[in-house]
**Student:** 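Here it is: the structure, laid out below.
Because the structure is a prediction, the values reported are computed rather than measured.
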Amino acid sequence: MPVRINDIIDEISTYVPDSGLRLVEKAYVFSARVHQGQTRLNGEPYLNHPLEVAYIVAQMRLDVVSVAAALLHDTIEDSLTKREDIKAEFGEEVASVVDGLTKISRIDFRSEEEKQAENFRKMILAMSKDLRVLLIKLIDRLHNMRTLAFHTRQNQLRIARETLDIYAPLANRLGIHWLQTELENLSFMYLEPEDYRILKAKMDSIAREKEDYLRNFMARVRLKLEEAGIKSDIKSRIKHIYSVYQKLKRQNISLSNVYDVLGIRIIVDTEAECYAALGVIHGSWKPIQQRIKDFIAQPKPNGYKSLHTTVIGPGGDRIEIQIRTREMDSVANDGIAAHWLYKDYAKTHDDAKFDPSKETHELSWLRRLLESHRELKNPRDFLRSVKLDLYPEEVFVFTPKGEVFQFPVGATPLDFAYSVHTQLGHQCIGAKVNGQIVKLNYELKSGDVVEILRSSKQHPSKDWLRIAKTSRAKNKIQAWLRAQEREQGIALGREMVEKKLKAVHPEQDVDLESIAKVFAYKSTDDFLAAIGFGRLSVNHVLNKLYPDYQKKKARSQAAEKKAEGASVVVKGVDNLLIRFAKCCRPIPGDDIVGFITRGKGITVHRSTCQYASEIDSQRMIPVEWDMGVNESHEVEMSVVCEDRPGMLGSITAAIGAKNVNISRLKALPLADGNSACQFFVAIKNLAELERLTADLKRIKGVIRVERR
């Protein structure tokens, strides 16, 4: 339903004496007269727009000058009205605000960087005399975004991008969270409609699923606080869509890994009660240490104060909790306007005016912008200053030519290099920052001028994955490492297969393409990589291609193994099931002990197994290896090695060269920068294991080989 002037008057009456309402009523009559006959794109009378803007301004509890200026904000631009007419009718103060709004509305941000910088300068000038100019302009943009559906697609994209790049950050720096949120979500809806639709549906689903859960959790929190003598208001909250979208992109994660989509907000009376409530929460539910943030002791640049914590709630769900006073909550939502009200600027005087000079901390960033306007003559330098102040949680750095690059806090020269070009990232050996050479792990700071140093001999390493912070850089590094390991695996696989096949039929040419098809691989390279990485053993290939040759060889090897004393079954008990303990995985050649296990026969352990030493000795039964049976047993091996490309391929190749099959493998990074590779291999006896261990220890880069 359209807003009426009576709605605005009723809203203002809650905080302004009746004497102040005459100015608003007069402004309404004037605006209605000059906009008569004008319509918007949706067919509504144009007057509806200034009424909507003025109503939101009144809801923010700004003064009557602000409300009157909101009603008049388009009169100079969209009618024959002059600034002098506004001054004559409403006084210099209202005329100054309307004139500032008119100047901002005439700014065109569709331009190259230098022109955009000059337009930023004009905006700062327009709002420098009175902060109310910016507040009203933000509300004007909000209502335009709410009615953007009636514009052409081209205009929708232009206006939404401008809103996201310029107006939403300004709302954030003024601390007006609800306004920033709505501007960002509306912009996102038009810029990425499909992503918006999918993400909104998922978040709505999560909100419905967790509604009862959050209600019950809030009741338990309220009870805990009451028991501690703390009065509170508790409400649930959902993270806004664009913020979630940014987090998914920035961290390259799925929605299931975003733990602060839903949460609760606790409102108490005093700062001391904030900390007391935090103690109650942590005493009742386990907190996640790295998610505890104290924005009361260290407020955000826009004045935001609150305590944040994330706890493990009932059922193991993670729940973010914000704790703040009522004043903090008002400031968190309304920003500068809330400071004005809490400082009693507008409670007793109908001509009360927000005075930026009285808000030294919260408006320090605005003063920096105004100082930049006066001091920086070059438009590009001015744009840098503006961006550094509008986006305090991002890092803005520059090329020597003045191009701007934006990164998350903690980004390094590697992130910068990969953002310019993939090949530059691959060959990055360091950087010059502000003329000084720095290492790859240097953390970029806003304002840095960065020049990448490169070498054609440089290549990425796995260490780079710990240095890079952006998903783009990490993805490029991982892709290069995978490609290099694959090339090495293919080369090793080719060498192993050709050597074995030539040994069987030296007179025949090796047709690798045909062999790959026999084993159902899509390409020869896939087949050779499987051999090189140990996923497919060369013996298995020979068994399938030349079964007669392999049977003959197997009989010969069995005779040799028997002579060596290798066998794989336990002798000494009849008619009982024999199984081998997975805790120590014994193999022929190990000293072994057997234990009677009810319902499971006899379990065989190594005599050195710690678990075996804890079993009742009355259950022990003598066992020994049968020298006449030749079978394989699974053995777990741990190989600690340097974390560098090709290492895994070298290890698997050495295992394959011993005709040992790998059934499972896993590689994990260690805190010291090395890697631990866990292999499950089929071993026939202790002598074979010792020979394999010796071969692995000879590989360059292998630090330690252990049997688990």
**Student:** Which class fits the ring pair Tyr213 and Phe217: parallel under 30°, tilted 30 to 60°, perpendicular over 60°?
**Tutor:**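 The rings of Tyr213 and Phe217 lie parallel, inter-plane angle below 30°.
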**Student:** Can you classify the ring geometry of Phe30 versus Phe90 as parallel (below 30°), tilted (30 to 60°) or perpendicular (above 60°)?
**Tutor:** perpendicular
**Student:** Spell out, as yes or no, whether a donor-acceptor pair under 3.5 Å connects the side chain of Ser284 to the backbone of Val280.
**Tutor:**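 Yes, Ser284 side chain to Val280 backbone: donor-acceptor pair under 3.5 Å.
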**Student:** Closest approach of Pro299 and Lys305, non-hydrogen atoms and distance?
**Tutor:**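 The answer is CG-CE, 3.7 Å.
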**Student:** To the nearest 0.5 Å, what is the distance between CD1 on Ile281 and CD1 on Ile292?
**Tutor:**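 Ile281 atom CD1 to Ile292 atom CD1 measures 12.0 Å (nearest 0.5 Å).
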**Student:** Heavy atoms, side chains only, cut-off 4.5 Å: are Glu192 and Tyr242 in contact?
**Tutor:** no
**Student:** For Phe405 and Phe416, what are the C-alpha separation, side-chain angles and deciding distance, and is it a ring-ring contact (aromatic ring centres under 6.0 Å, His included)?
**Tutor:** CA-CA 8 Å; Phe405 286 83; Phe416 184 95; 5.1 Å; yes
**Student:** Between Asp204 and Arg208 (salt bridge meaning N to carboxylate O under 4.0 Å), is one present in this structure?
**Tutor:** no
**Student:** Would you say the side-chain atoms of Asp78 pair up with the backbone N or O of Thr75, donor to acceptor, closer than 3.5 Å?
**Tutor:**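 Absent.
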**Student:** Carefully, step by step, assess Leu186 and Leu148 under the rule side chain to side chain contact (heavy atoms under 4.5 Å, CB included).
**Tutor:** CA-CA 9 Å; Leu186 288 169; Leu148 196 59; over 6 Å; no
**Student:** Within the structure provided, determine whether Glu44 and Pro2 are in side-chain contact (heavy-atom separation under 4.5 Å).
**Tutor:**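 SC-SC contact between Glu44 and Pro2 ruled out.
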**Student:** Would you say that Ser187 contacts Met145 through its side chain, given a criterion of any heavy-atom pair below 4.5 Å between the two side chains?
**Tutor:** yes
**Student:** Evaluate the salt bridge (Lys or Arg N to Asp or Glu O under 4.0 Å) criterion for residues Glu162 and Arg141: first the C-alpha distance (whole Å), next the side-chain angles of each, then the deciding distance (0.1 Å), finally the verdict.
**Tutor:** CA-CA 10 Å; Glu162 185 179 285; Arg141 176 51 62 110; 2.7 Å; yes
**Student:** Could you label the plane-to-plane angle of the His240 and His177 rings as parallel, tilted or perpendicular, counting under 30° as parallel and over 60° as perpendicular?
**Tutor:** perpendicular
**Student:** Using every non-hydrogen atom in the two residues, find where Ile8 and Ala54 come nearest and quote the distance to one decimal.
**Tutor:**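 Where Ile8 meets Ala54 most closely, the heavy atoms are CD1-CB, 3.8 Å.
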**Student:** Any carboxylate oxygen within less than 4.0 angstrom of a Lys/Arg side-chain nitrogen, looking at Glu93 and Arg132?
**Tutor:**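 Salt bridge: yes.
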**Student:** Yes or no on salt bridge (Lys or Arg N to Asp or Glu O under 4.0 Å) for Glu211 and Arg215, after CA distance, side-chain angles and deciding distance?
**Tutor:** CA-CA 6 Å; Glu211 185 177 359; Arg215 188 184 300 112; 3.2 Å; yes
**Student:** Go through it in stages, so that I can follow the logic: the residues are Ser232 and Ile267, the test is side chain to side chain contact (heavy atoms under 4.5 Å, CB included), and I'd like the CA-CA distance, side-chain angles, deciding distance and then a yes or no.
**Tutor:** CA-CA 5 Å; Ser232 64; Ile267 313 297; over 6 Å; no
**Student:** Test side chain to side chain contact (heavy atoms under 4.5 Å, CB included) on Ile12 and Val24; report intermediate values, then the result.
**Tutor:** CA-CA 9 Å; Ile12 301 173; Val24 175; 3.7 Å; yes
**Student:** Calculate, to the nearest 0.5 Å, the distance between atoms CD1 and CE belonging to Ile323 and Met328 respectively.
**Tutor:** 11.0 Å
**Student:** Of all the heavy-atom pairs spanning Tyr196 and Asn185, show the shortest one and how long it is.
**Tutor:** CE1-O, 3.8 Å
**Student:** Using atom types as modelled and distance alone, determine if a side-chain donor or acceptor of Ser13 lies under 3.5 Å from a backbone N or O of Ile9.
**Tutor:**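 Pair found, side chain donor or acceptor close to backbone of Ile9.
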**Student:** Is there a side-chain contact between Val3 and Asn48 in this structure, where contact means two heavy atoms from C-beta onward sitting under 4.5 Å apart?
**Tutor:** no
**Student:** Are the side chains of Leu142 and Leu179 in touch, meaning some heavy atoms are under 4.5 Å apart?
**Tutor:** yes
**Student:** Ignoring hydrogens and angles, tell me if any N or O in the side chain of Lys469 forms a donor-acceptor pair with the backbone of Ile467 under 3.5 Å.
**Tutor:** yes
**Student:** If you measure only the distance, is there a donor-acceptor pair under 3.5 Å linking the side chains of Ser66 and Asp63?
**Tutor:**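 Yes.
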**Student:** Take Ile159 and Tyr190 through the side chain to side chain contact (heavy atoms under 4.5 Å, CB included) test and state the conclusion after the steps.
**Tutor:** CA-CA 9 Å; Ile159 295 169; Tyr190 285 102; over 6 Å; no
**Student:** Can a donor-acceptor pair be found, under 3.5 Å and without considering hydrogens, that links the side chain of Thr14 to the backbone of Glu11?
**Tutor:** yes
**Student:** Decide yes or no for Tyr55 and Val67: does some side-chain heavy atom of the first lie under 4.5 Å from some side-chain heavy atom of the second?
**Tutor:** no
**Student:** List the atom of Ile136, the atom of Ala69, and the distance in Å for their closest heavy-atom pair.
**Tutor:** CD1-CB, 3.9 Å
**Student:** List the steps, then state whether side chain to side chain donor-acceptor pair (under 3.5 Å) holds for Asp99 with Thr102.
**Tutor:** CA-CA 5 Å; Asp99 186 46; Thr102 303; 5.2 Å; no
**Student:** Quick one: does Val244's side chain get under 4.5 Å of Met203's, heavy atoms only?
**Tutor:**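 Contact flag for Val244/Met203 side chains = yes.
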**Student:** Would you name the heavy atoms of Val268 and Lys231 that are closest together and state the gap between them?
**Tutor:**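 Heavy atoms of Val268 and Lys231 come nearest at CG1-O, 3.8 Å.
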**Student:** Quick one: which of Glu184, Lys137, Gln180 gives a side-chain contact (heavy atoms from CB on, under 4.5 Å) with Tyr167?
**Tutor:**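 Option passing the side-chain contact (heavy atoms from CB on, under 4.5 Å) with Tyr167: Lys137.
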**Student:** For Asn144 and Arg40, run side chain to side chain donor-acceptor pair (under 3.5 Å): C-alpha distance rounded to whole Å, both residues' side-chain angles, the deciding distance at 0.1 Å, then the answer.
**Tutor:** CA-CA 11 Å; Asn144 284 333; Arg40 304 195 83 208; 2.9 Å; yes
**Student:** Say you draw a straight line from CD of Glu320 to OG1 of Thr309; how long is it, rounded to the nearest 0.5 Å?
**Tutor:** 8.5 Å
**Student:** Answer with yes or no after comparing the ring centroid distance for Tyr245 and Phe188 against a 6.0 Å cut-off, counting only values under it.
**Tutor:** yes
**Student:** Would you find a donor on one side and an acceptor on the other, under 3.5 Å apart, between the side chain of Asp415 and the backbone of Thr470?
**Tutor:** yes
**Student:** Would you indicate whether Lys26, at its atom NZ, is surrounded by more than 12 heavy atoms from other residues, nucleotides or ligands within a distance under 6.0 Å?
**Tutor:**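 Correct, the count exceeds 12.
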**Student:** Donor-acceptor pair, distance only, cut-off 3.5 Å: does the side chain of Tyr275 make one with the backbone of Leu307?
**Tutor:**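 Judged by distance alone, no pair lies under 3.5 Å.
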**Student:** Any sub-3.5 Å donor-acceptor pair from Asn216's side-chain atoms to Asp212's backbone N or O?
**Tutor:** yes
**Student:** Applying salt bridge (Lys or Arg N to Asp or Glu O under 4.0 Å), run through Arg4 and Asp7 and close with a yes or a no.
**Tutor:** CA-CA 5 Å; Arg4 300 170 303 166; Asp7 299 323; 3.6 Å; yes
**Student:** Kindly compute the distance separating OG1 (Thr412) from CD (Glu443), expressed to the nearest 0.5 Å.
**Tutor:** 8.5 Å
**Student:** So does Gln298 have more than 12 non-hydrogen atoms from other groups sitting under 6.0 Å from CD?
**Tutor:** no
**Student:** Any luck finding a side-chain donor-acceptor pair between Arg324 and Gln322 under 3.5 Å?
**Tutor:**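 Yes, because at least one side-chain N or O of Arg324 sits under 3.5 Å from a partner of the opposite role on Gln322.
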**Student:** For the atom pair CZ (Arg220) and CD1 (Ile234), what is the distance rounded to the nearest 0.5 Å?
**Tutor:**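 Between atom CZ of Arg220 and atom CD1 of Ile234 there are 12.5 Å.
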**Student:** Would Glu194 and Arg197 satisfy salt bridge (Lys or Arg N to Asp or Glu O under 4.0 Å), going step by step from the backbone distance to the final call?
**Tutor:** CA-CA 5 Å; Glu194 187 61 18; Arg197 183 188 62 79; 2.4 Å; yes
**Student:** Taking all heavy atoms of Leu191 and all of Ala160, pick out the closest pair and write down the distance.
**Tutor:**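 So the minimum-distance heavy-atom pair works out to CG-CB, 3.8 Å.
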**Student:** Enter the distance from Thr325:OG1 to Ile266:CD1 here, rounded to the nearest 0.5 Å.
**Tutor:** 13.0 Å
**Student:** Are side-chain heavy atoms of Ser31 and Leu47 found at a separation under 4.5 Å?
**Tutor:** yes
**Student:** Do His73 and Asp140 meet the criterion of a side-chain donor-acceptor pair at a distance under 3.5 Å?
**Tutor:**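 On atom types as modelled, these side chains qualify, holding a pair under 3.5 Å.
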**Student:** Do any N or O atoms from the side chain of Asp448 and from the backbone of Val397 form a donor-acceptor pair under 3.5 angstrom?
**Tutor:**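 No; judged by distance alone, with no hydrogens or angles, the pair does not exist.
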